[in-house]
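Mind having a look at this structure? Questions to follow.
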Amino acid sequence: MDLERAMEDRFAFGRNWQSYAARLPAEATARARRSLAAMLGENALQGARFLDIGSGSGLFSLAALELGAARIHSFDYDPDSVACTASMKAQHAPDAPHWSVERGDVLDAGYVESLGRWDVVYSWGVLHHTGQMWQAVANAATRVAPGGLFFIALYNDQGWLSRIWHRIKRFYVRAPRVVQKTMNVAFFSLFALLLAAADILRLRNPMTRHNGRDERGMRLYVDVADWIGGYPFEVASTDAVIQFMRERGFTPVKVVDVGFRQGCNEFVFKAPGA
């Protein structure tokens, strides 16, 4: 597929990530490291080759580096995300020659093939935004080395509710900037109130969602903007993803299922081979 295919009707993920990276929370990298280790295993990245598909802010490439990855390649379709990842590297790991950053398209079979094989292929919350989710998952899976790990997160299928969100997101990306900003504020206020109430009931500090201290080091406002505007938008059930990967010889190692809730189901698969 042509790397320069039209960018209309697509959320500006990179601009959103740049605003986050410019004010990177102090604990963000530590949280990102812990979330990677929790899913992959404490020492899974030690000396490993790590491919970050849809690197966004570059935070998780940086976390992989700090967890001992021997080689890291980060790519993203969005040029602003590429710039954001490159800036993250320049600020936090300027002397890491084994970390490369470039623009690339997971739907471009030729480009994907040129990347070679990697011990860990990582793509969190990205492949459902390509417009061809299943093809993107299949392409990404081909880059996992024999016996390697494939860590992906895909939007949960909520049935009719997902169809409503699809319409909201499509409206958002086609709306004037002033309408988008109004929607950001309105949805952020709604989500912040509902999540704060849930946190209080669970005896948790509601502010952790705002200061980069959630499980993945994210900030709530950035996540809400990403959620509302995240288009193209596709979803998948946990069973559908597991079946799709089993058909390609992959074995599920760890699955985090959000149930009927909004958000991403997380999967770690082991590739066939020694």
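Since we're looking at a predicted model, the values are computed, not measured.
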Item to check | Exercise: identify the closest heavy-atom pair between Ile53 and Val126 | outcome: O-CG2, 3.8 Å
Checklist entry - Got a second to check how far His98's NE2 is from Ile72's CD1, nearest 0.5 Å? => result 5.5 Å
Checklist entry - Hey, does Lys181 have a side-chain heavy atom less than 4.5 Å from the side chain of Val185? => result no
Item to check | Any side-chain donor near an acceptor of the partner, Asn184 and Gln180, under 3.5 Å | outcome: no
Item to check | Heavy-atom check, side chain of Asp108 versus side chain of Tyr77, under 4.5 Å | outcome: no
Checklist entry - Are Phe233 and Tyr155 near enough that their ring centres are under 6.0 Å apart? => result yes
Checklist outcome for this item: In this structure, CG of Asp119 is separated from CG of Leu149 (nearest 0.5 Å) by 8.5 Å
Next on the checklist: Between His73 and Glu102, is there a side-chain heavy-atom distance shorter than 4.5 Å?
Outcome noted: yes
Checklist entry - Could Arg167 and Phe171 be counted as a cation-pi pair, given that NZ or CZ must be under 6.0 Å from the ring centre and within 45° of the axis? => result no
Checklist entry - Linking I/L/V/M/F/W/Y whenever any side-chain heavy atoms sit under 4.5 Å apart, do Tyr111 and Val144 land together? => result yes
Checklist entry - What's the shortest heavy-atom distance between Pro146 and Gly273, and which atoms? => result CB-CA, 4.1 Å
Checklist entry - Does any N or O in the side chain of Gln158 come within less than 3.5 Å of the main-chain N or O of Phe260, such that one atom is a donor and the other an acceptor? => result yes
Checklist entry - Cationic tip of Arg71 within the cone over Phe50's six-membered ring, i.e. under 6.0 Å and within 45° of the normal? => result no
Checklist entry - Just wondering, do Lys169 and Val173 contact through their side chains at under 4.5 Å, heavy atoms? => result no
Next on the checklist: I'd like to know if the side chain of Asp76 and the backbone of Gly56 have a donor-acceptor N/O pair within less than 3.5 Å.
Outcome noted: yes
Item to check | Beyond-backbone contact of Val112 with Arg143, side-chain heavy atoms, under 4.5 angstrom | outcome: yes
Next on the checklist: Nearest 0.5 Å, please: how far is OG in Ser100 from CG in Leu115?
Outcome noted: 9.0 Å
Item to check | Sidechain-backbone polar pair: Arg117 side chain, Thr142 backbone, donor-acceptor under 3.5 Å | outcome: yes
Item to check | Same apolar cluster: Trp134 and Met245, side chain cutoff 4.5 Å | outcome: yes
Item to check | Separation of Thr238 OG1 from Gln243 CD (nearest 0.5 Å) | outcome: 13.0 Å
Checklist entry - Any sub-3.5 Å donor-acceptor pair from Ser87's side-chain atoms to Ala83's backbone N or O? => result no
Next on the checklist: Rounded at 0.5 Å granularity, tell me how far CD in Glu266 sits from OG in Ser35.
Outcome noted: 7.5 Å
Next on the checklist: Please give me the minimum heavy-atom distance between Arg248 and Pro272, naming the atom from each residue.
Outcome noted: O-CG, 4.2 Å
Checklist entry - Do the ring centers of Phe60 and Trp124 come within less than 6.0 Å of each other? => result no
Checklist entry - Any link between Phe187 and Val178 through a network of hydrophobic side chains (Ile, Leu, Val, Met, Phe, Trp, Tyr) touching at under 4.5 Å? => result yes
Item to check | Validation row: Asn265, Val255 side chains within 4.5 angstrom (heavy atoms) | outcome: no
Next on the checklist: If I compare all heavy atoms of Arg33 with all of Leu67, which pair ends up nearest, and what's the gap?
Outcome noted: O-CD1, 3.6 Å
Next on the checklist: Please evaluate residues Lys89 and Ser61 with respect to the criterion side chain to side chain contact (heavy atoms under 4.5 Å, CB included), reporting the C-alpha separation (whole Å), side-chain torsions for both, the decisive distance (0.1 Å), and the verdict.
Outcome noted: CA-CA 9 Å; Lys89 179 182 183 296; Ser61 289; over 6 Å; no
Item to check | Geometric class of the Phe267/Phe269 ring pair [parallel <30°, tilted 30-60°, perpendicular >60°] | outcome: parallel
Next on the checklist: Within the 4.5 Å heavy-atom criterion, are Val235 and His166 side-chain neighbours or not?
Outcome noted: no
Checklist outcome for this item: Nearest heavy-atom contact between Leu45 and Leu36 is CD1-CD1, 4.0 Å
Item to check | Met133 to Glu234 - nearest heavy-atom pair and separation | outcome: N-OE2, 2.9 Å
Next on the checklist: For Asp257, is there any backbone N or O sitting under 3.5 Å from a side-chain donor or acceptor partner on Asn156?
Outcome noted: no
Next on the checklist: Show, in sequence, the C-alpha distance, side-chain angles and deciding distance for Ser74 and Ser55, and conclude whether the side chain to side chain donor-acceptor pair (under 3.5 Å) test is met.
Outcome noted: CA-CA 6 Å; Ser74 314; Ser55 54; 4.9 Å; no
Next on the checklist: Do Phe188 and Met183 land in one hydrophobic cluster if side-chain heavy atoms of ILVMFWY residues count as linked below 4.5 Å?
Outcome noted: yes
Next on the checklist: In this structure, would Tyr172 and Leu190 fall into the same cluster of hydrophobic residues linked by side-chain contacts under 4.5 Å?
Outcome noted: yes
Checklist entry - Which class fits the ring pair Phe250 and Phe150: parallel under 30°, tilted 30 to 60°, perpendicular over 60°? => result tilted
Checklist outcome for this item: Distance col, row Phe244:CZ vs Ser237:OG, nearest 0.5 angstrom, shows 12.5 Å
